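Below: one structure, written as structure tokens.
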Amino acid sequence: MRTDISRINEHTPYEELTEGLMMFAGGTSKSFKTGEWRTNTPIFHSEKCKQCLLCAPVCPDGCIPVKDSKRSDFDYDHCKGCGICVKACPFNAIEMVPGVEPVINS
Amino acid sequence: MAGYNLKEIMNKPERLSPGHRMCAGCGATIGVRAVLRALHEGDEAVIGNATGCLEVSSYMYPYTAWEDSYIHNAFENAGATLSGVETAYRALKKRGKISPDTTYKFITFGGDGGTYDIGFQSLSGAMERGHDMVYVCYDNGAYMNTGIQRSSATPQFADTTTTPVGSLSNGKLQPRKDLTAIIAEHNVPYAAQTTFTRDFKDIHVKSEKAIYTEGACFLNILAPCPRGWRYDMADIMKICQLAVDTCYWPLFEVENGTWRLTYEPKKKLPIEDFLKEQGRFKHLFKPGNEDLIVQFQEEVDRRWEDILFRCSR
Amino acid sequence: MSIKDRMSGNEAVAYAIKQIDPDVMPAFPITPSTEIPQLVSNYIANGQMNTEFIPVESEHSSMSATIGAEAAGARSLTATSSCGLALMWEELLVAASNRMPCVLALVNRTLSGPININCDHSDSMGARDTGWIQIYAENNQEAYDNMLQAFPIAEDEHVHLPVMICQDGFITSHAVQNIILNEDKDVCEFVGEYNPGEFLLNKGNPVAFGPYALSCYSMEAKKAQEKAMEDSKAVIAKVAKDYRERFGRGFTFFEEYRTSDADHIMIIMGSAAGTAKQAVDDLRNQGKKVGVLKLRVFRPFPGQEIANVLQNCKSVAIMDRTESYNGHGGPLSSEVRAALFESKTYPEVVCYTYGLAGRDFTVEDVYEIFEELENVSSNNNISIIQHRYINLRTKEDR
């Protein structure tokens with residue numbers, strides 16, 4: 001009875017919603033893209049990054065993926081652009097730019 | 001406790017997924033992520049949650065941010081609800097319905113409203129009965145979900161929507177309740193107070209102790225709310241550092257009745273440094289209100305001395 | 001094989017719980033249900049059952065912990081009365097809407113104020129729209145039998161709703177009467193093992209309970225819950241039939257006592273049905289065609305079935321052991337009149353309020369009520385008070 005949330009939306013008839021509105025799955029929120037909330041966007045300058053990872057735990061949204069003790073680029077599908085990581089970085093490897101797109105306007 | 005290594009710890013899979021609807025810059029989910037990172041890989045967990053920002057934002061049907069099993073029941077009963085879950089675990093294990101090599105841990109999150117106030121009885125009961133669980137309070141010092149109403153965790157003089165600053169009012173009248181001490185006085189095996197420090201070691205070590213100490217444990221995390229406190233949301237780490245360096249939010253733990261300071265500022269900063277960053281205390285800096293800051297400082301000093309005394313015994 | 005014994009209603013329900021041996025029971029003491037958790041605690045203390053008992057700090061917490069345990073995959077129940085039920089009111093709704101097949105042993109007691117420990121139905125009737133199945137007992141035997149049917153109903157895949165097993169405070173809960181108990185192994189077979197499909201402690205299969213739901217889902221969720229309540233009727237009937245076949249006792253939605261040819265019928269719930277049946281026997285001896293419909297299941301409400309029983313009678317007395325404060329009768333009155341209207345069945349109907357906070361209700365009261373029914377149905381011009389209190393002192397008595 002595992003839930004396929006792609007089948008649950010505002011058109012789903014009552015007989016086909018999950019019993020008691022339970023969710024028989026974990027982590028389904030990933031398909032909800034909060035990235036569009038951003039008004040400012042962090043840019044990752046990997047060349048400046050020393051991989052100290054001080055930025056990774058401060059993110060309220062877990063948008064700084066870490067693998068093998070190294071961070072990679074932001075999860076822009078979900079990053080809300082709060083800017084906490086920018087201030088946590090001791091090496092200026094994260095820059096905040098205006099707008100929802102992760103591009104530097106020259 | 002093995003040596004803490006942030007770079008190792010951050011390799012763990014996220015147990016709180018993105019896509020939740022907490023505000024940008026929210027302190028609560030920073031706290032949740034930190035606590036869940038302390039779970040050992042391979043251990044299962046059931047997460048409880050009192051009604052509040054975290055609950056309505058992390059499980060909005062059909063989107064759950066929780067990778068582990070999760071139960072939200074109501075506002076005032078996260079302690080009791082997880083008591084039931086934890087007891088069910090023991091009952092089912094006893095009857096062989098859960099394999100003996102499966103380990104479940106029970107962690108419940110509540111805001112200060114759901115913990116200090118409406119959920120206090122349920123929390124106290126769960127702590128006194130000694131269920132093998134951790135109650136984690138993310139303390140942002142007001143009922144933020146309903147729009148910044150004062151709670152018993154709200155600091156004195158804070159401007160909230162039910163203690164508004166006005167021509168006859170300087171904000172909240174009373175200093176905050178000291179819940180960590182109250183829970184420690186339940187004689188639980190582990191109670192601690194923490195917040196976000198640069199390398200997150202304090203919160204990690206305390207979370208791991210709380211999760212892996214048998215019995216009822218309590219963790220109180222200062223989790224700033226940019227909207228309710230009115231600071232620039234990017235500044236959360238600075239706010240937390242000022243909270244501990246002014247001794248507004250001392251970092252300590254109480255293990256089997258022994259109090260221990262886990263951080264002592266090299267130089268205790270004046271409380272203004274913490275207050276002036278936040279819009280909710282803006283009125284304290286108006287001419288004529290100097291005595292209010294003095295009063296605030298005296299309360300911080302008195303409580304800090306008290307903790308030093310307890311920790312020196 | 002069955003066992004003959006003497007027990008109070010509380011003892012009978014506690015004995016049923018011992019035989020069911022649920023996984024978890026949180027409870028908080030409140031008169032007159034306190035004996036149930038006491039007796040269960042004694043059984044546990046002496047190794048006679050394996051249930052984990054949680055001595056919670058309030059009834060709100062007892063229902064909260066019951067929900068937590070049930071969600072975790074444990075068969076769970078609690079017991080309470082009166083203000084305890086009122087305190088857990090919010091949680092009753094959560095249990096039902098989360099589709100928890102848990103059980104509550106309710107010992108009916110009046111609600112404050114004034115504070116009073118005796119029986120009426122104001123507690124459970126106040127909770128009638130919380131989404132719980134409600135089953136009432138006339139005596140200790142029925143309380144026992146109903147308790148054993150609770151989990152098979154609740155856990156049925158077409159139901160997944162909580163069940164409240166009600167008995168009258170003191171009158172049933174504390175009075176010792178003869179009782180026939182079933183053998184442990186027969187109870188075990190009848191109740192069966194609980195194997196939920198989805199639950200919190202299902203390793204590798206995480207589940208999330210209690211979402212925030214937007215308006216685009218909430219109404220659908222409530223309808224699905226209502227559908228389960230409708231569907232529970234067939235399950236209640238099947239479980240009652242299975243129980244009757246195995247143990248030889250019990251009714252489905254109600255007991256019809258001498259109603260088939262009755263001109264005048266009293267509808268009543270709980271222990272007072274015994275009084276009513278005694279009075280019916282007495283009046284039958286005088287040649288009066290009277291009967292009693294003793295309602296067992298109040299939720300789901302068997303409206304059509306009740307209307308069918310009443311279709312040929314001249315008049316009906318509806319007996320409410322609670323006040324609705326709506327100005328025209330109690331909840332049973334409202335439900336029965338709605339059912340009669342819907343089925344286009346129109347006997348004379350008089351609504352009575354009786355037995356509040358333990359006020360006596362005697363066979364003489366029943367004689368008087370049937371006499372009134374007879375007058376109403378034989379004389380169209382008579383003016384009677386539609387909503388009358390039995391055994392109430394008024395200035396007119398002076």
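Letters go in sequence order (proteins before strands), and every chain restarts at 1. Worth saying up front: this structure is predicted, and the values here are computed from it rather than measured.
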> With respect to chain B, which residue among K87(A), R71(A), K67(A), M96(A) yields the maximal number of heavy-atom pairs within a distance under 4.5 Å?
Replying inline: K87(A)
>> I'd like to know if E41(B) and R15(B) make a salt bridge, using a cut-off of under 4.0 Å between side-chain N and carboxylate O.
In response: no
>> Tell me the closest heavy-atom pair linking P42(A) and C85(A), and the distance in Å.
In response: CB-SG, 4.3 Å
> Angle class for the Y4(B)/H204(B) ring planes (parallel below 30°, perpendicular above 60°, tilted otherwise)?
Replying inline: tilted
>> Below 4.5 Å, heavy-atom pairs only: which of M22(B), K12(B), R33(B) has the largest tally toward chain A?
In response: R33(B)
> Has the side chain of T12(A) got a donor or acceptor atom that lies under 3.5 Å from a matching backbone atom of R7(A)?
Replying inline: yes
>> With a 4.5 angstrom heavy-atom cut-off, is it the side chain or the backbone of A34(B) that approaches chain A, or both, or neither?
In response: neither
> Considering only heavy atoms, which portion of D232(B) lies under 4.5 Å from any heavy atom of chain A: side chain, backbone, both, or neither?
Replying inline: side chain
>> Heavy-atom pairs under 4.5 Å with chain A - which of L16(B), I9(B), D235(B) has more of them than the others?
In response: D235(B)
> When only pairs under 4.5 Å are counted, which of I203(B), N5(B), T29(B), N11(B) shares the most heavy-atom pairs with chain A?
Replying inline: N11(B)
> What part of M237(B) lies closer than 4.5 angstrom to a heavy atom of chain A: side chain, backbone, both or neither?
Replying inline: side chain
> Would you call the rings of F75(B) and Y143(B) parallel, tilted or perpendicular, where under 30° means parallel and over 60° means perpendicular?
Replying inline: perpendicular
> So which heavy atom on N140(B) is nearest to which on M144(B), and how close?
Replying inline: O-CE, 3.0 Å
>> Quick check on the interface: out of G81(A), S69(A), G83(A), who has the most heavy-atom pairs with chain B under 4.5 Å?
In response: S69(A)
> Non-hydrogen atoms of chain B under 4.5 Å away: do they reach the side chain of I64(A), the backbone, both or neither?
Replying inline: neither
>> With chain B as the partner, which of T34(A), I5(A), L21(A) has the greatest number of non-hydrogen pairs under 4.5 Å?
In response: L21(A)
> Given the options S31(A), G26(A), G27(A), which has more heavy-atom pairs under 4.5 Å with chain B than any of the others?
Replying inline: G27(A)
> Which pair of heavy atoms, one from I239(B) and one from Q278(B), lies closest together, and at what distance?
Replying inline: CD1-CG, 4.3 Å
> So which of P65(A), C52(A), P60(A), A56(A) has the biggest tally of heavy-atom pairs under 4.5 Å with chain B?
Replying inline: P60(A)
> Contact part of Y70(B) toward chain A, heavy-atom cut-off under 4.5 Å: side chain, backbone, both or neither?
Replying inline: neither
> Can you say whether the rings of F74(A) and Y76(A) are parallel (under 30°), tilted (30 to 60°) or perpendicular (over 60°)?
Replying inline: tilted
> What residue, out of V86(A), D75(A), T18(A), has the most heavy-atom pairs lying under 4.5 Å from chain B?
Replying inline: T18(A)
>> For Y61(B), which atoms come within 4.5 Å of any heavy atom of chain A: side chain, backbone, both, or neither?
In response: side chain
>> Assess whether a salt bridge exists between D43(B) and K105(B), defined as any Lys/Arg side-chain N lying under 4.0 Å from an Asp/Glu carboxylate O.
In response: no
>> Which heavy atom of A28(B) sits nearest to which heavy atom of C26(B), and what is that distance?
In response: N-SG, 3.2 Å
